[in-house]
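Take a look at the structure below.
Every value quoted in this text rests on a predicted model; they were computed, and no experiment measured them. Computed from heavy atoms alone, side chains included, the values below leave out hydrogens, waters and symmetry copies. For reference, positions follow the sequence shown, starting with 1.
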Amino acid sequence: PLSVFIPCTTLCWPAAVSFAVDLETAYHTKLTLDWRTGVAATDWDTIAKKEHLDQLSVEMRKVEGAIREIYAEMLQLQQREQEMRDLNGERMAAVPPATRSAGD
């Protein structure tokens with residue numbers, strides 16, 4: 001199997017890969033992608049060598065990166081929740097009070 005690793009150190013979306021093969025080969029070819037983002041996509045071995053870090057420091061950086069990603073996702077979810085609450089409030093304001101159910 002062909003294995004190609006292309007590190008993306010900058011934002012490289014959209015990414016496109018093109019292969020030119022005959023139809024028979026295409027039917028019998030499997031392509032597996034290992035798509036990583038954030039902390040999982042970081043080449044920690046290279047960072048450790050470049051910055052002369054011990055294993056504990058590398059692990060601490062991984063944990064710090066994971067915490068930052070979780071926090072950013074939490075903030076995004078809070079923002080989406082607020083947007084949904086605002087939308088719900090706008091829709092409820094558009095419904096005449098006589099047509100609302102007793103729970104509203």
Can you sort out the partners of Q82 under side-chain contact (heavy atoms from CB on, under 4.5 Å), two or more places apart, ordered by chain and number? R85, D86
With rounding to the nearest 0.5 angstrom, report the CD to CG distance, E81 to N88. 11.5 Å
Residues clustering with M84 (ILVMFWY side chains joined when closer than 4.5 Å, directly or via others): none
Residues two or more places apart in sequence or in another chain: which of them pass salt bridge (Lys or Arg N to Asp or Glu O under 4.0 Å) with E51? R61
Kindly give the cluster partners of M74, where membership spreads through any ILVMFWY side chain lying under 4.5 Å from a current member. Y71, L75
Can you tell me how far apart CG (D43) and NZ (K50) are? Round to the nearest 0.5 Å. 10.0 Å
Set of side-chain contact (heavy atoms from CB on, under 4.5 Å) partners for Q55, sequence neighbours left out: E59
Can you tell me which residue pairs pass the salt bridge (charged side-chain N to carboxylate O under 4.0 Å, His left out) test with a partner in residues 67-78, sequence neighbours excluded? E64-R68
Single-linkage hydrophobic cluster V58~I47, side-chain heavy atoms < 4.5 angstrom: yes
